[in-house]
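Everything below concerns the one structure shown next.
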Amino acid sequence: MNLAVIGTGYVGLVAGTCFAESGNDVICVDIDESKISMLSAGRVPIYEPGLGELVQRNLKEQRLVFTTNLQTAVAESSIVFIAVGTPQSVDGKANIEQLLSTARAVGSAINGYKVIVNKSTAPVGMADQIKNVLAGSTTYPFAVVVNPEFLKEGAAVEDFMKPDRVILGGDDPEAIDLLKELYEPFVRTGNPILVMDTRSAEMSKYAANAMLAMKISYINEVANLCEKFGADIGEVRRAIGLDRRIGPHFIFPGVGYGGSCFPKDIRAMIAMGEPGLELALLRAVEQVNERQKGILVEKVMRHFGRDLSGRTFAVWGLSFKPRTDDMREAPSITVIESLLKAGAGIQAYDPEATEEARKIFSDRIRYHQRNYDALKQADALLVLTEWNEFRRPNFQYIKELLKQPVIFDGRNVFDPEELRKLGFTCYSIGRKDG
Ligand SMILES: NC(=O)c1ccc[n+]([C@@H]2O[C@H](COP(=O)([O-])OP(=O)(O)OC[C@H]3O[C@@H](n4cnc5c(N)ncnc54)[C@H](O)[C@@H]3O)[C@@H](O)[C@H]2O)c1
């Protein structure tokens with residue numbers, strides 16, 4: 001099939017590349033010229049495991065093309081995916097400007113029957129708005145389908161290639177059949193393609209993200225209560241996870257959720273309820289998360305005092321989660337800003353996110369190429385992202401490098417018992433050490 005994908009970010013690039021990998025001819029469009037020239041040269045502007053090889057192979061085999069020319073891309077394609085950003089507006093609502101301008105541009109480029117598929121996360125009713133915009137700018141027939149994306153950054157290629165489910169919202173049988181055919185290679189293992197109306201498809205995406213964020217805030221709240229009463233969240237997590245109604249997934253405590261989706265999607269969902277429907281649970285999910293981002297700094301201040309001037313902290317992990325370079329709403333931003341404000345210096349290490357972090361902190365913190373280098377002469381180590389490479393470090397060496405053997409483990413990656421035996425003072429989340 002001939003496809004266009006508009007918006008070549010985390011979602012559009014992965015989707016376009018994976019569609020090319022399954023034999024389609026894909027034109028990826030973006031307004032960012034530097035991104036397009038990088039991609040055309042086979043260089044991927046984001047860190048996403050496995051994506052680079054796929055982009056290079058499909059470029060070489062000429063199934064994947066990158067361009068800034070939306071007009072030609074739409075004209076040459078039968079299916080047009082939209083995967084542009086829907087960031088948060090100042091009032092918390094999803095900003096749909098990129099979607100609307102893309103819809104206008106697509107409308108004026110249509111030159112025959114097209115299936116327009118919205119992959120961006122957008123408020124319920126967006127498909128109807130897109131239909132109106134398209135109807136205002138073309139007389140050719142078209143169908144609009146909502147196809148929310150559920151990939152996880154850090155495992156995006158794998159998720160896209162083997163989705164738990166594919167959701168298609170729409171009522172044009174020809175369009176739905178075409179998309180079922182397109183997705184058929186991705187659901188060989190029997191995972192379902194669910195067809196529903198556009199509004200239910202749009203709501204499904206928000207409902208899933210809010211549920212996941214709720215699990216995180218819930219376990220964080222239980223973790224804080226564990227600390228208060230000397231219980232261990234690790235034990236509690238295992239105990240409740242064995243209940244099949246609860247399950248073991250996504251109930252790990254930490255320093256809060258971040259990223260480009262959960263925070264903005266929760267706020268957009270709260271805004272969707274207004275006026276008239278107060279989404280109290282979701283407000284609480286957000287409040288708990290905001291508080292959780294400050295938990296580790298409170299522990300640091302309990303140990304070192306509120307004035308941290310003259311102190312230096314090593315930070316391992318900057319990205320909002322492992323296996324990505326994405327810094328959008330990363331808890332590390334809140335933690336580091338609070339430490340800087342209290343007068344501390346920061347020596348940071350992240351396997352992939354340094355370049356993105358530099359855009360946020362510039363030269364206000366120091367960046368290191370090796371995790372151990374960040375520890376030299378630091379007063380303590382803070383772990384903010386659970387990259388695999390942090391799990392089994394050389395603790396003896398860490399002890400030699402730090403001024404004092406103190407670790408604040410914001411993701412519970414270390415065994416506190418083992419650390420104590422080695423002479424460390426260790427603070428983590430929801431465990432007896434507090
Ligand atoms: N990142 C994720 O993990 C994820 C997962 C599921 C869904 N989503 C949703 O998918 C959408 C895209 O997210 P993302 O993380 O890929 O965003 P992103 O910011 O990484 O990428 C968006 C891209 O769209 C481009 N763009 C903006 N306006 C354009 C236009 N008029 N024409 C062409 N290109 C344009 C931007 O230059 C950018 O490259 C959002 O709605 C998001 O909520 C994201």
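Both ligands and their constituent atoms are indexed starting at 1 by order of listing. Predicted model, so just to flag it, every value in this text is computed and none were measured.
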In terms of atom number and element, which parts of ligand 1 are under 4.0 angstrom from non-hydrogen atoms of [X]?
X    : value
T86  : 40 (C), 41 (O), 43 (O)
R328 : 15 (O), 17 (O), 18 (P), 19 (O), 20 (O)
G7   : 23 (C), 24 (O), 25 (C), 34 (N)
I6   : 32 (N), 33 (C)

Strictly by modelled atom types, are [X] and [Y] linked by a side-chain donor-acceptor pair under 3.5 Å?
X    : Y    : answer
D197 : S200 : yes
N58  : E21  : yes
R431 : S428 : yes
N69  : T67  : no
D373 : Q347 : no

**Study point:** Region of S260 that comes within reach of ligand 1 [heavy atoms, distance under 4.0 Å]
**Key:**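 Side chain only.
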Practice item. Using a 4.0 Å heavy-atom cut-off, say whether E97 meets ligand 1 through its side chain, its backbone, both or neither. Key: neither
Practice item. Evaluate the ring planes of Y183 and F160, with Trp represented by its six-membered ring, and classify them as parallel (under 30°), tilted (30 to 60°) or perpendicular (over 60°). Key: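 Ring orientation of Y183 relative to F160: tilted.
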To which protein heavy atom is [atom] closest, and what is the distance rounded to 0.1 Å?
atom                    : answer
atom 9 (C) of ligand 1  : T121 OG1, 3.4 Å
atom 22 (C) of ligand 1 : G85 N, 3.7 Å
atom 13 (O) of ligand 1 : V11 CG2, 4.1 Å
atom 31 (N) of ligand 1 : T102 OG1, 3.3 Å
atom 21 (O) of ligand 1 : G9 CA, 3.2 Å
atom 11 (C) of ligand 1 : V84 O, 3.3 Å
atom 3 (O) of ligand 1  : E153 OE2, 3.2 Å
atom 6 (C) of ligand 1  : E149 O, 3.1 Å

Any N/O of [X] closer than 3.5 Å to an N/O of ligand 1?
X    : result
D32  : no
K264 : yes
D30  : yes
A83  : no
K35  : yes
Y10  : yes

Exercise for review: Please determine if R391 forms a cation-pi arrangement with F414, meaning its NZ or CZ atom is less than 6.0 Å from the six-membered ring centre and no more than 45° off the ring axis.
Suggested key: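 R391 over F414 ring: no.
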Check your understanding: Does R358 make a cation-pi contact with Y367, if we ask for NZ or CZ under 6.0 Å from the ring centre and within 45° of the axis?
Key ->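 Judged by the rule (NZ or CZ under 6.0 Å from the ring centre, within 45° of its axis), R358 counts as positioned above Y367.
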Check your understanding: Can you check whether F19 and F186 have ring centres sitting under 6.0 Å from each other?
Key -> yes
Practice item. Please find out if less than 6.0 Å separates the ring center of W316 from that of Y349. Key: no
Practice item. Pick out which of R328, K321, R323 makes a salt bridge (charged side-chain N to carboxylate O under 4.0 Å, His left out) with E153. Key: R328
Check your understanding: For E278, does the CD atom have more than 12 heavy-atom neighbours from other residues, nucleotides or ligands under 6.0 Å away?
Key ->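 Correct, the count exceeds 12.
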